[in-house]
Protein chains: 2
Amino acid sequence: MNDLDSPFPTARQRSRERAAKREAVLRAAVRMFNERGFHQTSLDDVAARLGVSKPTIYHYLGNKDQVLLECVKLGLTQLLDAAAASRALPGTGADRLVTFLTRYAEINMDDFGRCVVRTRDEALEPDSRTKFRALKRQIDDQLRGLIADGMADGSLAPGDPKLLGFALAGALNWIGHWHEPTGALAPNDIARQLVTTLARGFLPR
Amino acid sequence: MNDLDSPFPTARQRSRERAAKREAVLRAAVRMFNERGFHQTSLDDVAARLGVSKPTIYHYLGNKDQVLLECVKLGLTQLLDAAAASRALPGTGADRLVTFLTRYAEINMDDFGRCVVRTRDEALEPDSRTKFRALKRQIDDQLRGLIADGMADGSLAPGDPKLLGFALAGALNWIGHWHEPTGALAPNDIARQLVTTLARGFLPR
DNA sequence: TAAAGACTATACTCACGAGTAACTTGTATT
DNA sequence: AATACAAGTTACTCGTGAGTATAGTCTTTA
């Protein structure tokens, strides 16, 4: 904790620095994947952007597949956290759902969140693909659970939770394809407006 | 027109056969692109599936980029046709929109339609990418136009046509990612149910 | 019947990019 | 001081897959 300005870093500082570098690699990679696509981005490109050489990336992450897997994991973890947080909230099922959806939309405007929806399963190698799918399924289940809760307590119009889940997820995932980070509106505003629009559809009349 | 069963095909038959072969290449390619992904599918693979060799594909289509471009064009053309047909229909703006959305959903369960939503712009080479984007923008414009019409004649709840367009397009495009052609429900049923769900959101109360 | 053109195959070239070997330098450990 | 490890580098290998050169067959046309 007592960070002296000594040129000799402590073990703690060094491990923190290592983590920061690893993160920087992921951040650079995910930006380029989102801009140019995974297959159009070589690890040489990523390394060049960071001003290092390719083996450096291999030093921090095993291989290209790992890099992508870590990126999507970071996005999916955010979503999972958002789901857990929403479910723990007081209020009606509809309230919790709206909270979750809003956060979901925001995450889709984040680098790692965008990567999740822009990454096709097949881009990953079999093992990673399995993990990726499992995580996505968890999100799906969480969403369906929230919907089912709302329908059960009457705060949501009755219907098929699975179908509604697909519709909502689709509408929000799509953000990751059209949203420009340089746009005029703040992510927060977009999220709110979009969720309000969607809410008209599932709230009872 | 008078197809004799002579072993000597007429010029008309031959050109029809050529078109059929070209189509078969595209059909085989798009199926494999959808299943395994564009980058994971080599033209050798496609050729093998058809029982021919790679140069045969190059004989009918210039290169891999062309193959993909033709596939997405076939999907986009269907969407454009659907938009034109819907706009020509009598009834309220909302009626026309619902018709279009239903057809839109169905197309996303078709081989070529799925290819459209599963294809990232960057997979195409610059020229093709420009064409691809231009076509997609046309669809977007059509959708927004239908929405604006409905809002203007009062058959749709007022709101931001652009945002609603994104929400609807997203919900329906997503079908191309989750729908399994082998599923229990018929595409038609899925389309109808999904659009009904969405319509709850944009019809006036 | 000769020449041209359509269609298909075999067998290449060639670039690209993932991943690695081997080496350098600095820092921590014993 | 010696050794081991961390963090990089340069300079490779090597598989894959897009695209092509060349040749062969069959059909149509002059």
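Naming convention: chains lettered A, B, ... in sequence-line order (proteins, then strands); numbering from 1 in each chain.
- Salt-bridge formation is not detected for the pair B:Asp121/B:Arg129: no Lys NZ or Arg NE/NH1/NH2 atom is positioned less than 4.0 Å from an Asp or Glu carboxylate oxygen.
- Rounded to whole Å, the distance from CD1 on A:Ile57 to C1' on D:dA7 is 14 Å.
- Ionic pairing of A:Arg87 and A:Asp149 is present here: one or more N-O contacts between side-chain nitrogen and carboxylate oxygen are shorter than 4.0 angstrom.
- Atom-to-atom, CE of A:Met32 to P of C:dG17 comes out at 11 Å; the value is rounded to the nearest Å.
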Polar pairs (N or O, both sides) under 3.5 Å between protein and nucleotides 18-22 of chain D?
| unit_1 | atom_1 | unit_2 | atom_2 | d |
| --- | --- | --- | --- | --- |
| D:dA18 | OP1 | B:Lys64 | NZ | 2.9 |
| D:dA18 | OP2 | B:Leu43 | N | 3.0 |
| D:dA18 | N7 | B:Lys54 | NZ | 3.0 |
| D:dG19 | OP2 | B:Tyr58 | OH | 3.0 |
| D:dG19 | OP2 | B:Lys64 | N | 3.0 |
| D:dG19 | N7 | B:Lys54 | NZ | 2.7 |
| D:dG19 | O6 | B:Lys54 | NZ | 2.9 |

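- The CG-C1' distance, from A:Leu68 to C:dA18, rounds to 15 Å in whole Å.
- Rounded to whole angstrom, the span from the CD atom of B:Glu17 across to the P atom of D:dC26 amounts to 16 Å.
- Regarding A:Arg18, its CZ atom lies at a distance of 14 Å from the P atom of D:dC5, rounded to whole Å.
- The pair B:Glu35-B:Arg49 meets the salt-bridge criterion, with a side-chain N (NZ, NE, NH1 or NH2) lying under 4.0 Å from an Asp/Glu carboxylate O.
- The nearest whole Å value for the distance from the OH atom in A:Tyr60 to the C1' atom in D:dA6 is 8 Å.
- Side-chain polar atoms of B:Asp127 and B:Thr130 form no donor-acceptor pair below 3.5 angstrom.
- A salt bridge does not link B:Lys136 with B:Asp140: none of the charged nitrogens is closer than 4.0 Å to a carboxylate oxygen.
- If you take CG on B:Leu74 and CG on B:Asp110, they are separated by 9.0 Å, rounding to the nearest 0.5 Å.
- For residues 76-122 of chain A, the set of pairs meeting the ring-ring contact (aromatic ring centres under 6.0 Å, His included) definition, not counting sequence neighbours, comprises A:Phe100-A:Tyr104.
- Near DNA chain D, meaning a heavy atom under 4.0 Å from it, residues 46-53 of chain A has A:Val52, A:Ser53 in order of number.
- Rounded to whole Å, the distance from NE2 on B:His59 to P on C:dC7 is 4 Å.
- Cation-pi contact between A:Lys73 and A:Phe132: absent, since separation from the ring centre below 6.0 Å together with deviation from the ring axis within 45° is not met.
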